[in-house]
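In what follows, chains are A, B, ... by sequence order, proteins preceding strands, each numbered from 1.
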Protein chains: 2
Amino acid sequence: MKNTPLVRKLGTFVALSDVELSVIETLHKRRRTFVAGRDLVHQGQSDQAAYILASGWACSYKILPDGERQIIDFQIPGDFLGLRSVLLHMSDHSIEPITDIEVSEVMVGDLLDAFGKTPRLAMAVLWAASRDEAMVVEHLVDIGRRTAIERMAHFLLELGSRLALVGMGNKSGYQCPLTQYLMADALGLSAVHVNRVLRQLREEGMVSFRDGLVVFENYNKLVDFAGFDEAYLDHGGPLLA
Amino acid sequence: MKNTPLVRKLGTFVALSDVELSVIETLHKRRRTFVAGRDLVHQGQSDQAAYILASGWACSYKILPDGERQIIDFQIPGDFLGLRSVLLHMSDHSIEPITDIEVSEVMVGDLLDAFGKTPRLAMAVLWAASRDEAMVVEHLVDIGRRTAIERMAHFLLELGSRLALVGMGNKSGYQCPLTQYLMADALGLSAVHVNRVLRQLREEGMVSFRDGLVVFENYNKLVDFAGFDEAYLDHGGPLLA
DNA sequence: CGCCTAGTTGAGGTAAGTCAATTCACGTGG
DNA sequence: CCACGTGAATTGACTTACCTCAACTAGGCG
């Protein structure tokens, strides 16, 4: 059980004991699967469960009254889905599986019990939640103050870092099931412009994204160009020994 | 002590007992003041305290490598400052007082003690933190998918709702010390364009913003125009009786 | 009085959007 | 096996929302 994405991720925040590992395992009780495209959680829906994503990709988004969509974040294996919704007893956003996904349903009660047993696990989860918030903040900066091409560069790097943390990518590249339409909705751009920007990044020899595969042609140049600082993502080692 | 901004705000989430009120009071131990313009917290700084804002306005922001600034959020009385920084042991943003401010310094230890004594207070604080995150998400949607004028309209409404929650405004308007430059940095616009957009909103008879005073000329029209749904801000009553 | 900051307005430029057409990969049914 | 439809990517031509630069006004304060 030491190789689930969640364990890998939490392990970078807190060194986990065997006891804690087994507590985590009890959380993964009820396994469910969802097919791509059908919403798990609807905006405005109340009282649903939280999930831990085991495999596949999802996204959380909001729909505006005029029908426009803004994707808030993509979720990859090891991420929580709908944690905030449970706290607020009301979801302010929707969640849609991008690929077919497998999740573990987490009962709020079980989570609180787990926290009672191992406070270090509670800290780890809090850190994970704080990191999620930090990512939303970075996303905000991205959209507010970067040009389209910088935005895309930053986005691809951030995704790479997150995937690397759960063993699904590295500095040479990663597999990515996102369409240009999805990226457009995430970055506040039109799909057409996403396409142009990707071409530009490819022609300048920084990254290519073709057939579901992101390849970093020149990682350092890209990092420099995007002004990417991964301090907010990876702490370079456990904060709590 | 029942009329501090923090108590008013938490009170809308959870009905607070006398015991809980007195615990909150113990948090407000070390009172400090800061002058406008001098940063409380610097991006990259580690290990600082958290604060509760008692009076005045502040903002949290990030500076990009190229010198551009994105304001993440404005803080008004009753809001926490730097709660996430404490959790992550590292601040990913800076905080600057916009006016002279008074704050209560909160020791992390005291906060954890308080949570141990009254779990309901812990829930209230968690809810407050979740609401902050929901506001950042809404801000993201704002910048990503709304036009400049809708963005401004939405921003002024959200601020009004938040101020109303701590008794500093209502549906007819509120006092607001923000300059057009600050709003530009928050909304991802240029200061010049902020000015034009404010003029337009004034000419259409929806809101006016002059001499530090926001006046809603036609609240319903504005809500409709901005697509403002305050569900994510105010739950219309205590979630926990 | 002159300086500084905040706000205001105009003219012209540009990043990104919209509309539209084309290609390609893929299923699916005849 | 081919005809057809559908979703994704690609590219071109044109439009527009917002930016930049610049000039000017009005209040506050040493």
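- Summarising the geometry, the separation between CZ on A:R151 and P on C:dA15 is reported as 13 Å, rounded to the nearest angstrom.
- Atoms CD1 (B:I143) and P (D:dA17) sit 19 Å apart, rounded to a whole Å.
- Between the side chain of B:Q70 and the backbone N or O of B:D185 there is at least one donor-acceptor pair closer than 3.5 Å.
- Whole-Å rounding puts the A:M183 CE to C:dG17 P distance at 14 Å.
- Between B:Q180 and C:dT8 there is a side-chain polar atom (N or O) within less than 4.0 angstrom of OP1 or OP2.
- If you look at B:F155 and B:F74, their ring centroids are closer than 6.0 Å.
- With rounding to whole Å, A:Y181 atom OH is found 11 Å from D:dT10 atom P.
- Spacing between atom CG of B:L178 and atom P of C:dT5 amounts to 19 Å, rounded to whole angstrom units.
- Near-neighbour residues of DNA chain C inside residues 186-211 of chain A, defined by a heavy atom below 4.0 Å, number-ordered: A:G188, A:L189, A:S190, A:V192, A:H193, A:R196.
- Ion pairing between B:R145 and B:E150 fails under the 4.0 Å rule for side-chain N and carboxylate O.
- At distances below 3.5 Å, at least one donor-acceptor pair connects side-chain atoms of A:K221 with backbone N or O atoms of A:E204.
- Between A:D39 and A:Y61 there is a side-chain heavy-atom pair separated by less than 4.5 Å.
- The nearest whole Å value for the distance from the CG atom in A:D66 to the P atom in C:dG17 is 15 Å.
- Under the 4.0 Å criterion applied to side-chain N and carboxylate O atoms, A:R162 and A:D73 are assigned as salt-bridge partners.
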